[in-house]
Q: 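One structure coming up, written as structure tokens, with questions to follow.
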There are 2 protein chains.
Amino acid sequence: MGDNTFSVLNTICTDLKKPAKSIIFRQGEHADFLYFIQSGALKLDYQLEDGRNLVLDFLWPDRFFGIAENETYAWSATTLVDVHLKRFKLSSVQVLAQEHPNITNLLLQQKMASLMAAKTHITLMSCPTATSKLIGFLLEYKKIPNYFNPSTQVLTLIMSRKDIADYLGMTFETTSRIFKYLETNGYIKKLNHRQIQLNMHKLQLT
Amino acid sequence: MGDNTFSVLNTICTDLKKPAKSIIFRQGEHADFLYFIQSGALKLDYQLEDGRNLVLDFLWPDRFFGIAENETYAWSATTLVDVHLKRFKLSSVQVLAQEHPNITNLLLQQKMASLMAAKTHITLMSCPTATSKLIGFLLEYKKIPNYFNPSTQVLTLIMSRKDIADYLGMTFETTSRIFKYLETNGYIKKLNHRQIQLNMHKLQLT
DNA sequence: CGAGTATTTGAGCAGCATCAATAAGAGTGG
DNA sequence: CCACTCTTATTGATGCTGCTCAAATACTCG
């Protein structure tokens, strides 16, 4: 797969840059494009009629997104930081996939990644306490390159307390309180609101 | 797609029947087979090291499952009732997919279905109260043919209180208490532990 | 019918949501 | 660069929700 598949796809892609906190597409919009993240990060969020706002996933470089069902995006995509994307017209991708079946394999692989992310998400949400949810979240987040500095053990959170809360199924006040609790008990040290130093010795025991 | 793809797949499938409460595969086992549900129902569950047992999804007829990552099943599959399956050797499917690209499209479609189910699941888990979780669950479950009788409005639950609890992220005692609450307040009527008559007028208001 | 399993019910406590107010940080324009 | 505004984050007080542990009841299956 790999190289050849990508070079074929590259013939129909458009480069795209978006600033932080901009919307790439909204849930319900007609799905015309498939996207690929070259750099940056974004969240997939979903608004419910009752006013709740869920964060379904956070996406990092090398991920495709926007593969829709029913011709319509089922959720919105919002950038967290400045991003650099590739954009593909979905109809062109479908045509191209006829001749290059590996494109479908690539999309299948990406769906697989989404599904494993969903499993992790569900696992975190099922944690019995807010503390274990948040610790689980930090340990997952630590795996993301660029936002964790292994030598200083500092995590750079690029999402708000509310985003984390909407991802874990709790209120942002609770998120804030648990951060406080973790700091008080030596699990983390807050350098500022978005920079958190981890004490892995304590965190791993949980 | 459809007919041709299925008839090609049928050349390599084995028929398989399993009684209720039997394990089709376990998480961690080497993934040799892909399955298709002809009739019956099952759950996908996942054991955590800390003793928690998650139910990731309930599966109904016409669904493929067992598409693995890393050569290994990431969760277990357990039947809820007697099931009738088709089984495909994964290696054979891969070979066949080379000549019949629509097989990959079919698998992609199935992954899409899994992902939408995960979205529904996450949405339910994010409900602020156990009552809204359970009502949401009942309204989703109602959509499954065979287990809801529209003329009598009776749901037949084929899973235990614990399965529901493990799916929604709560304890089975709470599940039981909420059923009681729903009955007391006229949302449902329990004919017995597994047969529940819905009062849609009241349920839909939530 | 009897043993094992599933479900219900109870009492008490811990944890989280809610509402509310304050503090910190980010962004803007003079 | 500072003052002002707006957003994001923290902190407090209170009550309800759901978990825990425990016991009783209902159901299933051989």
Side-chain angles (χ1 to χ4, degrees), chain A residues 19-22 43 50-55 78 80-82 124-137 155-185 188-196 206, chain B residues 19-22 43 50-53 55 78-82 124-137 155-185 188-196 206:
Chain A
K21 297 183 189 183
S22 53
K43 62 177 174 180
D50 62 15
R52 276 184 296 153
N53 192 19
L54 305 191
V55 171
T78 311
L80 293 168
V81 295
D82 296 353
L124 286 178
M125 292 191 80
S126 78
C127 289
T129 67
T131 305
S132 50
K133 282 185 191 180
L134 193 55
I135 289 178
F137 173 77
L155 269 187
T156 303
L157 296 173
I158 57 171
M159 69 287 285
S160 68
R161 299 287 186 267
K162 179 160 189 346
D163 285 338
I164 297 174
D166 287 346
Y167 179 75
L168 294 176
M170 56 204 215
T171 63
F172 65 90
E173 294 98 326
T174 298
T175 308
S176 184
R177 270 183 250 272
I178 305 291
F179 270 123
K180 174 76 172 182
Y181 168 84
L182 292 178
E183 180 160 46
T184 305
N185 292 82
I188 63 171
K189 185 171 178 184
K190 284 189 280 184
L191 307 183
N192 60 53
H193 290 167
R194 301 295 184 98
Q195 304 268 117
I196 307 241
T206 59
Chain B
K21 298 183 188 182
S22 53
K43 62 177 174 178
D50 62 14
R52 277 184 295 154
N53 191 20
V55 171
T78 311
T79 63
L80 293 168
V81 295
D82 296 353
L124 286 178
M125 292 190 82
S126 78
C127 288
T129 66
T131 306
S132 48
K133 280 184 192 181
L134 193 56
I135 290 178
F137 173 77
L155 270 188
T156 303
L157 296 172
I158 58 173
M159 69 286 286
S160 69
R161 298 287 186 268
K162 179 159 189 349
D163 285 338
I164 298 173
D166 287 347
Y167 179 74
L168 294 175
M170 55 205 216
T171 62
F172 64 91
E173 293 98 327
T174 298
T175 308
S176 183
R177 271 183 251 272
I178 305 291
F179 271 123
K180 173 76 171 184
Y181 168 85
L182 291 178
E183 179 161 47
T184 305
N185 292 83
I188 63 171
K189 186 172 180 183
K190 285 189 279 185
L191 308 183
N192 60 53
H193 290 167
R194 301 295 184 100
Q195 304 268 117
I196 305 233
T206 58

Q: Within this structure, what is the CD-CD1 distance for the pair A:Glu183 and A:Ile196, rounded to the nearest 0.5 Å?
A: 7.5 Å
Q: Starting from C1' on C:dG25, measure out to CZ on A:Phe172 and report it in whole angstrom.
A: 15 Å
Q: Does a nitrogen or oxygen in the side chain of B:Lys21 sit under 4.0 Å from OP1 or OP2 of C:dT5?
A: no
Q: Kindly write out the residues that satisfy ring-ring contact (aromatic ring centres under 6.0 Å, His included) with B:Phe179, not counting sequence neighbours, or none if the list is empty.
A: none
Q: Scan A:Ser160 against the nucleic acid and name what it touches under 4.0 Å (heavy atoms): base, sugar-phosphate only, or nothing.
A: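 A:Ser160: backbone/sugar contact only, no base atoms under 4.0 Å.
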Q: Would you confirm whether A:Asp82, through its side chain, and A:Pro19, through its main-chain N or O, come within 3.5 Å as a donor-acceptor pair?
A: no
Q: Given atom CE of A:Met125 and atom P of C:dC16, what is their separation to the nearest angstrom?
A: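 Value for this atom pair: 14 Å.
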Q: Closer to the 5' end of DNA chain D via nearest nucleotide, is it B:Thr129 or A:Phe179?
A: A:Phe179
Q: Distance from B:Met125 atom CE to A:Leu54 atom CG, nearest 0.5 Å?
A: 12.0 Å
Q: Heavy atoms under 4.0 Å, any strand shown: does A:Lys190 hit a base, just sugar-phosphate, or nothing?
A: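 Since only primed, P, OP1 and OP2 atoms lie under 4.0 Å of A:Lys190, the category is sugar-phosphate.
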Q: Between A:Lys43 and A:Val55 (side chain of the first, backbone of the second, donor and acceptor by atom type, cut-off under 3.5 Å), is there such a pair?
A: no
Q: Look up atom CG in B:Leu134 and atom CD1 in B:Ile178, then write down how far apart they are to the nearest 0.5 Å.
A: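 Nearest 0.5 Å value for the CG-CD1 distance: 7.0 Å.
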Q: Please state how far atom CD in B:Gln195 lies from atom C1' in C:dA6, giving the value in whole angstrom units.
A: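 Nearest whole value for this atom pair: 16 Å.
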Q: Is there a donor-acceptor pair under 3.5 Å between the side chain of A:Thr184 and the backbone N or O of A:Lys180?
A: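 The answer is yes, because a donor-acceptor pair under 3.5 Å joins these two groups.
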Q: Without decimals, in angstroms, what is the distance between B:Leu157 CG and C:dA6 P?
A: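 It is 15 Å, rounded to the nearest whole Å.
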Q: With nearest nucleotide decided by heavy atoms, which residue, A:Lys180 or B:Ala130, maps closer to the 5′ end of DNA chain D?
A: A:Lys180
Q: Counting only side-chain N and O atoms of A:Arg194, is one of them less than 4.0 Å from OP1 or OP2 of C:dA26?
A: no
Q: Output the distance between atom CD (A:Gln195) and atom CG (A:Leu157), rounded to the nearest 0.5 Å.
A: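 Atom-to-atom, A:Gln195:CD and A:Leu157:CG are 8.5 Å apart.
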Q: Are the side chain of A:Arg161 and the backbone N or O of A:His193 linked by a donor-acceptor pair below 3.5 Å?
A: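 The answer is yes, because a donor-acceptor pair under 3.5 Å joins these two groups.
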Q: What integer distance in Å separates B:Asn53:CG from C:dA6:P?
A: 12 Å
Q: Identify the 5'-most and 3'-most nucleotides of DNA chain D with at least one atom closer than 4.0 Å to a non-hydrogen atom of chain A.
A: D:dT8 to D:dA13
Q: Whole angstrom is fine here: how far is it from CE in B:Met170 over to P in C:dT8?
A: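 Going from B:Met170 (CE) to C:dT8 (P), I get 12 Å.
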Q: At a cut-off of 3.5 Å, list every protein nitrogen or oxygen paired with a nitrogen or oxygen from nucleotides 10-13 of chain C, distance to 0.1 Å.
A:
from   : atom 1 : to       : atom 2 : distance (Å)
C:dG10 : N7     : B:Arg177 : NH1    : 2.9
C:dG10 : O6     : B:Arg177 : NH2    : 3.0

Q: Figure out the OH/P separation between B:Tyr181 and C:dT9, and round it to whole Å.
A: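 After rounding, the reported distance stands at 16 Å.
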